[in-house]
*Asks:* 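If you scroll down you'll find the structure; I have some questions about it.
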Amino acid sequence: MSFRVTQSMMHSQILRNINRNLNRMSDQQNELSTGKKINKPSDDPVGVTYALRYRSELSMNDQYQRNVDAAKSYVDHTDTVLNQVNELFQRTNELTTQGVNGTLSTTDMKTIAQELGQIYEQAVSLGNDQLNGKYIFNGQFTDKQPYTSAGAPTQSTDDQQIVYQFAAGVKVPVNVNGNDVFGAPSDTDNLFAVIKGLQQSFDNGDQTTAQGLMSKLQTRFDTFLGVRADVGARSNRIDLIDSRIKDLDINLTELDSKTEDADIAETITKLQTEQSVYQASLSVGAKVIQPSLLDYLR
């Protein structure tokens, strides 16, 4: 049985084909204008899943990178302050060595005592150092001043750590507390107490007591060097983490680009092909639809 093809059926078929070609051309134009080959989930359902995962990991990486920047700033600042404390140790040791050699006059020792008094005040000032308005040596009590000039030898700091997270399960403490740096009140080599004791000894011309305090100054300095080494090690680790996060960010960005980004050369070629097909379909449609009853009656 033959199938009768009517004029209306031909028109409908042509319109469907033209619309289909127009949609395909529109898809290529959209891909080219956005630079993305995935503009809606139906474009690539599996690709969308991967793209969302990559975007989520990139977003987490951005936060980890901000944590690294903040941690590095904190540790570097702490190291700078510790270097200044180290200079106080060196100067105190020089003055003490000079004062106990037995060749200085009482006036000279009083001059040393005066300088030690200034070193003590500077040590207290460094113990109260702040970064962005927060005290760096008072553990998690960053809003409370840890030391006063009158009571520093008897004052203790909070020993809680400030911890930054750089990846799942990767956490690094960034702070050191004043008890570790300057000594707790119960420590016989508390730096504030030692400097104060040296000042009083030289002011009184008491070289014997000053000599006894020299050994305590040395034990505190040895402990201090351990703290500095720990801060340096943390700084190096944060640098390594920083490098890893940057590499991971490049890798994820590349994977996301391969999943989402359009191949421009390929897209332009496809668009030109779709434009040609669309123009051809319009031309064929015009020729098929053009004959009408009036054309036959002429």
*Asks:* Applying ring pair (Phe, Tyr, Trp, His ring centres under 6.0 Å), which residue pairs with at least one partner in residues 86-110 are found, sequence neighbours left out?
*Replies:* Phe89-Phe221, Phe89-Phe224

*Asks:* Got a sec, which pairs hit ring pair (Phe, Tyr, Trp, His ring centres under 6.0 Å) with one end in residues 113-161, sequence neighbours left out?
*Replies:*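 Of all non-adjacent pairs touching residues 113-161, those that pass ring pair (Phe, Tyr, Trp, His ring centres under 6.0 Å) are Phe137-Phe182, Tyr147-Phe182, Tyr147-Phe192.
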
*Asks:* Can you run down the side chain to side chain donor-acceptor pair (under 3.5 Å) pairs that involve residues 168-184, sequence neighbours left out, and say none if there aren't any?
*Replies:* Ser156-Asn179, Thr157-Asn179, Asn177-Asp180

*Asks:* Is any side-chain heavy atom of Met214 closer than 4.5 Å to a side-chain heavy atom of Thr97?
*Replies:* yes

*Asks:* Which residues satisfy the side chain to side chain donor-acceptor pair (under 3.5 Å) test with Thr142, sequence neighbours excluded?
*Replies:*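 Once residues adjacent in sequence are excluded, Thr142 has no partner under the side chain to side chain donor-acceptor pair (under 3.5 Å) criterion.
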
*Asks:* Checking Asn30 now: which residues fulfil side chain to side chain contact (heavy atoms under 4.5 Å, CB included) with it, not counting sequence neighbours?
*Replies:*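 Counting only residues at least two positions away or on another chain, Asn30 forms a side chain to side chain contact (heavy atoms under 4.5 Å, CB included) with Ser33, Thr34, Asn39.
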
*Asks:* Going by side chain to side chain contact (heavy atoms under 4.5 Å, CB included), name the residues that satisfy it together with Asp79, two or more places apart in sequence or in a different chain.
*Replies:* Arg228, Val231

*Asks:* Applying side chain to side chain contact (heavy atoms under 4.5 Å, CB included), can you list everything that pairs with Gln114, at least two apart in sequence or on another chain?
*Replies:*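 With neighbours one apart ignored, the set is empty.
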
*Asks:* Got a sec, which residues hit side chain to side chain contact (heavy atoms under 4.5 Å, CB included) with Thr259, two or more places apart in sequence or on another chain?
*Replies:* Ile38, Tyr50, Ala51, Tyr54

*Asks:* Among all residues two or more places apart in sequence or in another chain, which pass the side chain to side chain donor-acceptor pair (under 3.5 Å) test with Gln63?
*Replies:* Arg66, Asn67

*Asks:* According to ring pair (Phe, Tyr, Trp, His ring centres under 6.0 Å), does anything in residues 14-33 pair up with another residue at least two apart or in another chain? List the pairs.
*Replies:*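 Matches after skipping sequence neighbours: none remain.
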
*Asks:* Apply side chain to side chain donor-acceptor pair (under 3.5 Å) to Arg53 and list each qualifying residue two or more places apart in sequence or on a separate chain.
*Replies:*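 Result, side chain to side chain donor-acceptor pair (under 3.5 Å) vs Arg53: none returned.
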
*Asks:* Under 4.5 Å between side-chain heavy atoms, chaining through other members, with only Ile, Leu, Val, Met, Phe, Trp and Tyr counted: pull out the rest of the cluster around Leu15, sorted by chain and number.
*Replies:*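 Its cluster partners, ordered by chain and number, are none at all.
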
*Asks:* With a 4.5 Å heavy-atom cut-off, do Gln199 and Asn204 have their side chains touching?
*Replies:*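 No; the side chains remain at least 4.5 Å from each other.
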
